[in-house]
Amino acid sequence: MSSKITIIGAGSVGATIAYKLSYEDIASELVMIDINKDKVEGEVMDIKQGTCFRTPISVIAGDYEDAKDSDIVIITSGIARKPGQTRIELAQTNVNIIKSIAPEIVKVAPNAIYIIVSNPVDILTYVFTKVSGLPENQIIGSGTLLDTARLRSGLSEHFKVAQKNIHAYVYGEHGDSSFVPWSGANIATVNIDDYYKSMKELGVDLEELDKPAMEEYVHTSGGEVISKKGATFYAVSIAVCELCSLVLAASDSVATVSSMMHGEYGIDDVCLSVLTLVGPNGVQGKVPLKLTDEEVARLQNSANKLKEVIAELNI
C-alpha cells in the first residue's frame with residue numbers, strides 16, 4: 001500500500017506505533033517527529049534495522065516539512081500526569097502542546113486525516129478541532145477504541161468465545177465516566193443476556209456476567225498495567241494501527257472513536273466516542289445505536305464531565 005504516515009511524538013506510544021507500522025503493509029513511508037532529536041533518531045535507527053525482512057519502506061526522523069503530502073498524521077505528543085498534578089493541570093499542559101503543534105503540521109499537511117492519541121484524548125481532539133482550522137471529518141480521536149478492545153478481551157475470557165464474535169462497545173470519554181451500552185451488546189447477533197441463558201441450557205460452564213465489574217475492569221485495567229510495568233503502549237498502539245487501516249481502506253467501517261458531537265443524544269460541542277462511520281474520507285457521521293433512557297443519561301453525564309474540564313481551560 002502506497003501511503004505516507006507521520007507520527008508526532010517518539011515516546012513509548014509513538015515509537016511502538018511506528019514499530020508496528022514498519023512491518024505491516026499499511027504504509028510505504030513513515031516520518032517520525034519529536035522535539036528530542038536524539039530520541040527520535042535512535043528510534044528510527046532501531047526500527048529501520050529490522051525492515052530488511054519486509055518489502056522496502058522509508059522510515060525517517062524528520063521535521064514538520066517532511067510531513068508534506070502525508071495521508072495520516074498521528075499525534076502522540078504530551079506529558080504523563082505527575083504526582084500531585086490535577087487533571088486540569090495535565091489537560092492545560094497538553095492543550096498547550098497541541099496548540100503549538102497544530103499550526104506547524106496543518107500548514108504542511110492540510111489534507112491529511114489526523115488521529116489524536118495524546119491524553120486527555122477527548123479534550124485534545126476537541127481543542128485540535130477548534131484551533132486547526134481543518135474540516136471536522138479530518139480529525140479523529142482514538143477515543144474509546146482501546147477501552148472497547150479491553151471490554152472485548154474481558155468478555156471473551158468470561159464467555160470463552162472468540163473476540164471476533166463479540167460486538168460490544170464503550171461509549172463516552174476515554175476515562176472514568178465511560179460506560180458500556182449493554183442494550184446493544186451481543187455475541188454473534190445474540191444479546192449477551194440471551195447468549196448466557198442459551199449456553200447454560202447447552203450445559204456450558206459459565207458464570208452470569210457481572211456487568212458493573214466488567215465496566216470496572218475496563219476502567220482500571222490500564223492503571224493496573226501502569227502499576228505493574230510503568231506504562232501502557234502495546235494495546236493502544238495496535239488500536240491506532242487498526243484505525244490507520246480503517247482510514248486507508250477501500251470502504252468505511254464502524255468504530256468507537258472520538259469526534260465532535262452535533263446534537264446526537266442531546267449532546268453538542270464536545271468530542272467523545274459513540275459508534276462512528278470512519279473511512280478514506282475520515283469521519284462520515286455517527287451510527288445511531290438505540291440507547292435506553294438510562295444509557296442516554298450516562299452518555300450525557302460523560303459529556304458534561306468533559307465540558308466541565310473544557311470550561312476551565314485556556315483554549
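FYI, side chains are in, hydrogens and waters are out, and symmetry mates aren't considered; it's all heavy atoms of this structure.
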**Q.** By ring-ring contact (aromatic ring centres under 6.0 Å, His included) - contacts of Tyr171 (at least two apart)
**A.** none
Q.
Donor-acceptor pair, distance only, cut-off 3.5 Å: does the side chain of Gln138 make one with the backbone of Ala112?
A. yes
Q | Residue pairs passing the salt bridge (charged side-chain N to carboxylate O under 4.0 Å, His left out) test where at least one lies in residues 125-150, sequence neighbours excluded | A | Lys130-Asp269
Q.
Side chains of Asn96 and Gln92 only: does a donor on one sit below 3.5 Å from an acceptor on the other?
A. yes
Q) Ile72 and Thr6: side-chain contact (heavy atoms from CB on, under 4.5 Å), yes or no, with the steps? A) CA-CA 6 Å; Ile72 296 174; Thr6 293; over 6 Å; no
(Q) How close do Leu291 and Pro181 get, counting heavy atoms only, and between which atoms? (A) CD2-CB, 3.6 Å
Q. Which pair of heavy atoms, one from Ile97 and one from Gly78, lies closest together, and at what distance?
A. CD1-CA, 3.9 Å
Q. Yes or no on salt bridge (charged side-chain N to carboxylate O under 4.0 Å, His left out) for Lys307 and Asp122, after CA distance, side-chain angles and deciding distance?
A. CA-CA 10 Å; Lys307 287 186 175 184; Asp122 302 290; over 6 Å; no
(Q) Within the supplied structure, the quantity of interest is the number of heavy atoms (other residues, nucleotides, ligands) at a distance under 6.0 Å from Tyr217 OH; does it exceed 12? (A) yes
Q) Which pair of heavy atoms, one from Val31 and one from Asp66, lies closest together, and at what distance? A) CG2-O, 3.7 Å
Q.
If we check side chain to side chain contact (heavy atoms under 4.5 Å, CB included) with Val274, which of these qualifies: Leu299, Leu289, Thr256?
A. Leu299
Q) Mind checking whether Met260 and Val287 sit in one hydrophobic cluster, side chains of I, L, V, M, F, W, Y counted as touching below 4.5 Å? A) yes
Q) Does some side-chain heavy atom of Met32 sit less than 4.5 Å from a side-chain heavy atom of Ile47? A) yes
**Q.** Lys20 NZ to Ile238 CD1 distance, which is reported to the nearest 0.5 Å
**A.** 5.5 Å
Q | Within 6.0 Å of CD in Gln284, more than 12 heavy atoms from elsewhere | A | yes
Q: Run the salt-bridge test on Lys200 and Asp205 with the 4.0 Å N-O cut-off and return the result as yes or no.
A: no
Q. Judged by atom type as modelled, is there a donor-acceptor pair below 3.5 Å linking the side chain of Asn304 to the main-chain atoms of Gln300?
A. yes
(Q) So that I can tick it off, tell me whether Arg298 and Glu215 are bridged by a salt bridge, with the cut-off set at under 4.0 angstrom between side-chain N and carboxylate O. (A) yes
Q. Are Phe159 and Met199 close enough that some pair of their side-chain heavy atoms sits under 4.5 Å apart?
A. no
(Q) Rounded to the nearest 0.5 Å, what separates atom CG in Asp34 from atom CD1 in Ile7? (A) 11.0 Å
Q) Say you draw a straight line from CD1 of Ile116 to OG1 of Thr76; how long is it, rounded to the nearest 0.5 Å? A) 10.0 Å
Q: Of all the heavy-atom pairs spanning Met261 and Ile267, show the shortest one and how long it is.
A: CB-O, 3.6 Å
Q: For side-chain contact (heavy atoms from CB on, under 4.5 Å), just list the numbers for Asn186 and Tyr195, CA-CA rounded to whole Å, side-chain angles, deciding distance to a tenth of an Å, and then say yes or no.
A: CA-CA 8 Å; Asn186 68 74; Tyr195 183 87; over 6 Å; no
Q) Just by modelled atom types, is the His262 backbone N or O under 3.5 Å from a matching donor or acceptor in the Glu264 side chain? A) yes
Q: Test Val247 against Ser245 for side-chain contact (heavy atoms from CB on, under 4.5 Å), laying out the working first.
A: CA-CA 5 Å; Val247 168; Ser245 295; over 6 Å; no
Q) Can you tell me how far the CD atom of Gln163 sits from the CG atom of Leu151, to the nearest 0.5 Å? A) 9.5 Å
Q: Taking all heavy atoms of Leu124 and all of Asn119, pick out the closest pair and write down the distance.
A: CD1-O, 3.5 Å
Q: May I ask you to say whether Glu43 pairs ionically with Lys39, meaning some side-chain N is under 4.0 Å from a carboxylate O?
A: yes
Q: Answer yes or no: is there a side-chain heavy-atom contact under 4.5 Å between Leu306 and Tyr126?
A: no
Q) Is the closest side-chain heavy-atom distance between Val117 and Ile75 below 4.5 Å? A) no
Q) Is a donor on one side and an acceptor on the other found under 3.5 Å between the side chain of Ser153 and the backbone of Ala149? A) no
Q) Does Lys229 make a cation-pi contact with Tyr234, if we ask for NZ or CZ under 6.0 Å from the ring centre and within 45° of the axis? A) yes
Q: Would you mind reporting whether Ile57 and Lys48 have side-chain heavy atoms less than 4.5 Å apart?
A: no
Q: Enter the distance from Cys241:SG to Glu24:CD here, rounded to the nearest 0.5 Å.
A: 6.0 Å
Q) Ile315, Val309: one ILVMFWY side-chain cluster at the under-4.5 Å cut-off? A) yes
Q: With sequence neighbours left out, write down each residue that passes side-chain hydrogen bond (donor to acceptor under 3.5 Å, both in side chains) with Ser177, or none if nothing qualifies.
A: Glu173, Ser302
Q: Verify the neighbour count for atom CD1 of Ile226: are there more than 12 heavy atoms of other residues, nucleotides or ligands below 6.0 Å?
A: yes
Q) Got a donor-acceptor contact below 3.5 angstrom from the Arg152 side chain to the His167 backbone? A) no
Q: Using the rule that two of Ile, Leu, Val, Met, Phe, Trp, Tyr join whenever any of their side-chain heavy atoms come within less than 4.5 Å, decide whether Val225 and Leu146 are in one cluster.
A: no
Q: Indicate yes or no for a side-chain donor-acceptor contact from Asn137 to the backbone of Gly282 under 3.5 Å, with no hydrogens or angles considered.
A: no
Q.
Whether the Lys286 and Ser259 side chains hold a donor-acceptor pair (N or O, under 3.5 Å, no angle test) is what I'd like checked.
A. yes
Q. Hey, what do you get for CG (Leu272) to OG (Ser178), rounding to the nearest 0.5 Å?
A. 10.5 Å
(Q) Between Ser183 and Glu295, is there a side-chain donor-acceptor contact under 3.5 Å, judged purely by atom types and distance? (A) yes
Q.
Side chains of Tyr169 and Val180, heavy atoms from C-beta outward: is any pair under 4.5 Å?
A. no
**Q.** Check: Ala109 main-chain N/O paired with Ser70 side-chain donor or acceptor under 3.5 Å
**A.** no
Q) Does the side chain of Ser132 reach to within under 4.5 Å of the side chain of Ile139, using non-hydrogen atoms? A) yes
Q) Can you tell me if Thr148 uses its side chain to pair, donor with acceptor, with the backbone of Val170 under 3.5 Å? A) yes
Q | side-chain contact (heavy atoms from CB on, under 4.5 Å) between Val40 and Ile33, worked out | A | CA-CA 7 Å; Val40 72; Ile33 300 171; over 6 Å; no
Q. Can Val218 be reached from Leu275 by stepping across I, L, V, M, F, W or Y side chains whose heavy atoms are under 4.5 Å apart?
A. no
Q: Return yes if some donor-acceptor pair links the side-chain N/O of Ser156 with the main-chain N/O of Val161 below 3.5 Å, else return no.
A: yes
Q: Keeping the roles fixed (side chain from Asp252, backbone from Leu277), state whether a donor-acceptor pair exists under 3.5 Å.
A: no
(Q) Which heavy atom of Val44 sits nearest to which heavy atom of Val59, and what is that distance? (A) CG1-O, 3.5 Å
(Q) Can you confirm whether Cys244 sits close enough to Ile74 that some side-chain heavy atom of one is under 4.5 Å from a side-chain heavy atom of the other? (A) yes
